[in-house]
Asks: 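Handing you a structure now.
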Amino acid sequence: FCFCFLLLFVAPCAMADSFRLQNTFGTEEESGVTTVVSSTAESVNVDFSSSPESTGKSGNASAPESATKESPPATPLPRPELTHMRYCFAEQEFLVGNFSVDGFVARCRKRVPLAVMQKDLSEYLTGLKGAVVELINKDYADFVSLSSNLVGLDRAIARLAQPLESLREEVLAIKGVMDLEMRDVERALRERASVREAKVMLQRFLSIAASVSKIESLLKLSTDSEDNQEAALAATSSDGEDQGKLMERVASEYNQLHFNVSQCSDVPFVVALKPRIAAIADTLEEGLQRSFVQAITSHDLLSLKQCLRTYAIIDRVGDAEVLFRHSVVQLFMQQCISKESVQPPGKGLVEAYDRVLAFVDDSCAQLRSASASTIGGFDFVVNAVWPEVCDAIVNRLPFVFSPGVAAVFHQNYTTTQTFVTAFEQRCRTLESVKRLRTHPAYIAFRKRWSLTVYFQLRFQEIAGALECVMDEPLLCEQQGGEYRTRVFDSVTALVAKCWQDDVYIDALLHRFWKLTLQLIARASKWVHMLSDDTTLQHVQLAVAATDADAFAEKLPALLERVVFPKLRLRARAFAESAPCKAAISDSVQAVQAAAQAIVQHVGQLLAHISIASLEPARTVSRQYRHTNKDAPERASAYVTAAFQPAVTFLEECGDQVGEHRERWLGPALVQMTQAYRDIIDEVLTSVKKTEDSLLRLKRNRKKTAAETGMTDDAKIRLQLLLDVREYGDQIEKLGVSMDCIPQFPLLLAQTEEANSASADQPQNL
């Protein structure tokens, strides 16, 4: 029994694989189970006829001996590792639920021949059999002891089944009884809740009816005729201080009535009372309005507080603010803000705004004092005065928002902004200021100002003035300004104009800052354009470049004096930020780069003319070749002529050049010296070649007499040396340091070396 238990429950996978393999290829074993059982029995040498106790005494049975001894803890035996490297298939293929023999054979035939596949399957089957045997041998003692421990377990379970079944029936019976009781309790609770709701509703009905009757009795209302209602209202409105207390009592009762009605508004009983409730509401509202207006006109602080407290009790704060706006503020604005009241222009608008502020300080002072001691959130300045001010300005003074004339628009805008700032100061708390700035009338009022159109007008005015100055001819005479060119005087004035009090607007700070940088950039662009103008003289270019340097040097101080006071006032963080400083630095560098472009342009013009004057140096060899001319004693005339353009430039532009001669003449002299060096090098090379040719020719001739005196080549080299020395003298006369011209020492060394080599050569062959 135990062995069959092992075969049936321990190794089902191995047996299933064996069955599949044998059924597929028809091995010699007739049945997988018989083969596995026989091989297993032979391996473990188990005697099925003997009991577990008798098998322990047999000396040739390994399994019983192992069963009698204390075996080590059993560990799960892993399945043999069958990988693709060992067989032509994977062992997981046999575990697939929809395993197909035909498909398996077809896949394996693509990889290996049938003989190899059969050999791999046989080896795999042998491994499975060995794994089953090892598993049974390892855990045999545990399974045997398990079978002995299970003896009598079914009888014990049968003995426990009957009392458990009876207990289950009793529990089910008790559960059924409890469910019935729970349903009865829930039904009773629902009935109790409905009764409670009905009781609460009835109490509300009684409270509503009592409140309606009480309020009608307080207001002396009669449901029979409207005349009695008006008479009662007139009676209650003539009691003075008692009327305020009465209204406060009625408001408290009405507040409770309103709450009860809101809880059951669709009930027929309440629907039938709604006309009476509406009459009460109308009477209370009319009474409150009369009391409120009367308290304001009579300056009765106590009655005013009672009215505000009554409005707060019935949650009608907005009604009180609207009533004050239409009954008091509107009448004042009709007289204060009109087209006739703001004459003359400018001054009249300031006076109108001053009257509005005086109204807030005087006429609203008592009301604000009364509302401050009342819990209700009244804000008459924001919700009553400000909307009426906006409506009066928009409807009666629409010309204030017109940007047609920039100066008038700026005056109206700054005056209004001053008024708005003063109005905000009348708001006593920060919350009140926040309510004002988020009020729809405030937002709509700010949107009415066409600031973009105003800036476009100012942009055209300022930029157009600069373009007109740039279109004028470039003059070099002093115009009475800070610079000799009008463009930089104009840029300085226009930058200052952008930030004048009658032009600048705080809301357009970013636009005016951008316009300032654009003016500076336009000036630097204009200076760049001068360097490409071929019609301008050297003097004009020098004046423009000098003024550009001076403007770039004074620009930071100009911005600090004109721009940064307002910039720090409105945007201190930006004024001290790195982007702002970088913008100023870039503007200064742009102007300086434009001035340097003119300097380079002038240098190129001077170098071009002077290099052309150095071309006669190429003819020095012709002056002494086969001419029997005496040895040179002074420099050639072309050297002085080559420096004449630079001398003329210094004579004409000495005031502009000043001490910066190296800056103006240095680039030109560098180009001249390099070109002159190339010419000298070419001449010396030609002389050397000619001299070598003559020497070879003289060696081949028979000499009858010796030749004495300086050769032509030596004379040429000497003349070039004299010219180069004169070239250096001319540079020193211009006041330019030799350190700025690194090519000249090389040129001088080259000519001196050539002349020394010529002097060392023997004069006779």
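Computed from heavy atoms alone, side chains included, the values below leave out hydrogens, waters and symmetry copies.
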Asks: Contact between Phe380 and Leu308 at the side-chain level, heavy atoms closer than 4.5 Å - yes or no?
Replies: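 Yes, close enough: below the 4.5 Å cut-off.
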Asks: Does Asp501 come within less than 4.0 Å of Lys566, counting only side-chain N to carboxylate O?
Replies: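 Answer for the salt bridge query: yes.
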Asks: For Tyr504 and Asp502, which I'm curious about, is there any donor-acceptor pair between the side chains at under 3.5 Å?
Replies: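 Tyr504 vs Asp502: no donor-acceptor pair found between side chains.
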Asks: Would you find a donor on one side and an acceptor on the other, under 3.5 Å apart, between the side chain of Ser490 and the backbone of Arg486?
Replies: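 No.
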Asks: How many angstroms lie between atom CZ of Arg435 and atom CG of Leu430, to the nearest 0.5 angstrom?
Replies: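 Result: 10.0 Å between the selected atoms.
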Asks: Cation-pi check for Phe512 against Lys497: NZ or CZ below 6.0 Å from the six-membered ring centre and within 45 degrees of the axis, yes or no?
Replies: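 Judged by the rule (NZ or CZ under 6.0 Å from the ring centre, within 45° of its axis), Lys497 is not positioned above Phe512.
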Asks: Are Ser432 and Val381 close enough that some pair of their side-chain heavy atoms sits under 4.5 Å apart?
Replies: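 Ser432 vs Val381: side chains apart.
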Asks: Out of curiosity, His510 NE2 to Arg570 CZ, how far, rounded to the nearest 0.5 Å?
Replies: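 That separation rounds to 12.0 Å.
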Asks: Would the distance check show the side chain of Gln540 and the main-chain N or O of Gln537 forming a donor-acceptor pair, the cut-off being under 3.5 Å?
Replies: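 Answer holds: yes.
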Asks: Is there a donor-acceptor pair closer than 3.5 Å between any side-chain N or O of Asp547 and the backbone N or O of Thr485?
Replies: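 Yes, because the side chain of Asp547 sits within donor-acceptor range (under 3.5 Å) of the backbone of Thr485.
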Asks: Considering only heavy atoms from C-beta outward, does the side chain of Lys554 approach that of Tyr483 to under 4.5 Å?
Replies: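 Heavy-atom side-chain distance check passes, below 4.5 Å.
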Asks: Would you confirm whether Ser369, through its side chain, and Gln366, through its main-chain N or O, come within 3.5 Å as a donor-acceptor pair?
Replies: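 Not at all, since once roles are kept as given, no pair shorter than 3.5 Å links the two residues.
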Asks: Restricting to side-chain contact (heavy atoms from CB on, under 4.5 Å), what partner residues turn up for His601, sequence neighbours left out?
Replies: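 His601: side-chain contact (heavy atoms from CB on, under 4.5 Å) contacts with Ser531, Leu541, Leu605.
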Asks: Closest approach of Ala552 and Val588, non-hydrogen atoms and distance?
Replies: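 Closest pair (atom of Ala552, atom of Val588, distance): O-CG1, 3.7 Å.
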Asks: Pair up each side-chain donor or acceptor in residues 519-530 with any protein partner under 3.5 Å, not counting sequence neighbours, and list the distances.
Replies:
from	atom 1	to	atom 2	distance (Å)
Arg522	NE	Glu467	OE2	2.7
Arg522	NH2	Glu467	OE1	3.3
Ser524	OG	Ala521	O	2.7

Asks: Please indicate whether Lys514 has more than 12 foreign heavy atoms, meaning atoms of other residues, nucleotides or ligands, lying under 6.0 Å from its NZ.
Replies: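 Atom NZ in Lys514 is not crowded, with 12 or fewer foreign heavy atoms closer than 6.0 Å.
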Asks: Indicate yes or no: does Glu560 engage Arg568 in a salt bridge with an N to O separation below 4.0 Å.
Replies: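 Salt bridge present between Glu560 and Arg568.
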Asks: Give me the one residue out of Phe419, Phe401, Phe423, Tyr413 that meets ring-ring contact (aromatic ring centres under 6.0 Å, His included) with Phe445.
Replies: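 Only one of Phe419, Phe401, Phe423, Tyr413 forms a ring-ring contact (aromatic ring centres under 6.0 Å, His included) with Phe445, namely Phe401.
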Asks: Using every non-hydrogen atom in the two residues, find where Ala548 and Val591 come nearest and quote the distance to one decimal.
Replies: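 For Ala548 and Val591, the tightest heavy-atom pair comes out as O-CG1, 3.3 Å.
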Asks: Judged by modelled atom types alone, do Thr415 and Tyr353 share a side-chain donor-acceptor pair under 3.5 Å?
Replies: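 Checked: Thr415/Tyr353 side chains show no N/O donor-acceptor pair below 3.5 Å.
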Asks: Only one of Val491, Asp489, Val487 forms a side-chain contact (heavy atoms from CB on, under 4.5 Å) with Val469, so which one is it?
Replies: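 The residue from Val491, Asp489, Val487 that satisfies side-chain contact (heavy atoms from CB on, under 4.5 Å) with Val469 turns out to be Val487.
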Asks: Should Leu567 and Cys580 count as side-chain neighbours, where that means a heavy-atom distance under 4.5 Å?
Replies: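 Leu567 reaches Cys580 side chain to side chain.
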Asks: Pairs under 3.5 angstrom only: tabulate donor-acceptor contacts from the side chains of residues 389-398 to other protein residues two or more places apart or in another chain.
Replies:
from	atom 1	to	atom 2	distance (Å)
Asp391	OD2	Arg325	NH2	2.5
Asn395	ND2	Asp391	O	3.0
Arg396	NH1	Met333	O	2.9
Arg396	NH1	Ile337	O	3.3

Asks: Any heavy-atom pair between the side chains of Phe399 and Lys339 that's under 4.5 Å?
Replies: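 They are in contact (side-chain heavy atoms under 4.5 Å apart), so the answer is yes.
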Asks: Taking all atoms of both residues into account, what is the closest heavy-atom pair of Val329 and Ala384, and its distance?
Replies: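 Nearest heavy atoms, Val329 then Ala384: CG1-O, 4.0 Å.
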Asks: Please report the closest heavy-atom contact between Asp361 and Ala365, naming both atoms and the distance.
Replies: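 Scanning both residues, the minimum pair turns out to be O-CB, 3.2 Å.
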Asks: Only counting residues at least two apart or in another chain, list the ones meeting ring pair (Phe, Tyr, Trp, His ring centres under 6.0 Å) with Phe459.
Replies: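 Counting only residues at least two positions away or on another chain, Phe459 forms no ring pair (Phe, Tyr, Trp, His ring centres under 6.0 Å).
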Asks: Under 3.5 Å, which donor-acceptor pairs link side chains of residues 446-455 to any protein atom two or more places apart or in another chain?
Replies:
from	atom 1	to	atom 2	distance (Å)
Tyr454	OH	Arg458	NE	3.0
Tyr454	OH	Val503	O	2.6

Asks: How many angstroms lie between SG in Cys427 and NZ in Lys434, if you round to the nearest 0.5 Å?
Replies: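 Output value for this atom pair is 13.0 Å.
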Asks: Return yes if some donor-acceptor pair links the side-chain N/O of Arg355 with the main-chain N/O of Cys336 below 3.5 Å, else return no.
Replies: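 Side chain of Arg355 to backbone of Cys336, a donor-acceptor pair under 3.5 Å: yes, one is there.
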Asks: Considering only heavy atoms from C-beta outward, does the side chain of Leu559 approach that of Thr516 to under 4.5 Å?
Replies: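 Of all side-chain heavy-atom pairs linking Thr516 with Leu559, at least one is under 4.5 Å.
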Asks: Would a 4.5 Å heavy-atom cut-off, applied to side chains only, mark Trp513 and Cys498 as touching?
Replies: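 Answer no - side chains too far apart.
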Asks: For the side chain of Asn383 and the backbone of Glu321, is there at least one donor-acceptor N/O pair under 3.5 Å apart?
Replies: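 Flag not set: sc Asn383 to bb Glu321 has no pair under 3.5 Å.
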Asks: Using every non-hydrogen atom in the two residues, find where Leu357 and Arg426 come nearest and quote the distance to one decimal.
Replies: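 Heavy atoms only, the tightest pair is CB-NH2, 4.0 Å.
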Asks: In Å, rounded to the nearest 0.5 Å, how long is the span from OG1 of Thr414 to CD of Gln417?
Replies: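 Going from OG1 on Thr414 over to CD on Gln417, the span is 8.5 Å.
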Asks: Can you give me the closest heavy-atom contact between Gly404 and Leu457, atom names plus distance?
Replies: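 Smallest interatomic distance, heavy atoms only, reads O-CD1, 3.9 Å.
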Asks: If you count heavy atoms of other groups shown closer than 6.0 angstrom to CD of Gln334, is the number above 12?
Replies: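 Correct, the count exceeds 12.
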Asks: For Asp533, check salt bridge (charged side-chain N to carboxylate O under 4.0 Å, His left out) against everything at least two apart and list the hits.
Replies: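 Asp533 satisfies salt bridge (charged side-chain N to carboxylate O under 4.0 Å, His left out) with no other residue.
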Asks: Are the charged groups of Lys581 and Glu576 less than 4.0 angstrom apart, N to O?
Replies: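 Result for this pair is no, no salt bridge flagged.
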Asks: Roughly how far, to the nearest 0.5 Å, is the CD1 atom of Ile296 from the CG atom of Leu323?
Replies: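 Reported to 0.5 Å precision, the distance equals 6.5 Å.
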Asks: Is there side-chain contact between Phe324 and Val385, with heavy atoms separated by less than 4.5 Å?
Replies: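 Yes. Closest side-chain heavy atoms under 4.5 Å.
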Asks: So Tyr442 and Trp386, would you call those rings parallel, tilted or perpendicular, with 30° and 60° as cut-offs?
Replies: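 Ring orientation, 0 to 90° scale: tilted.
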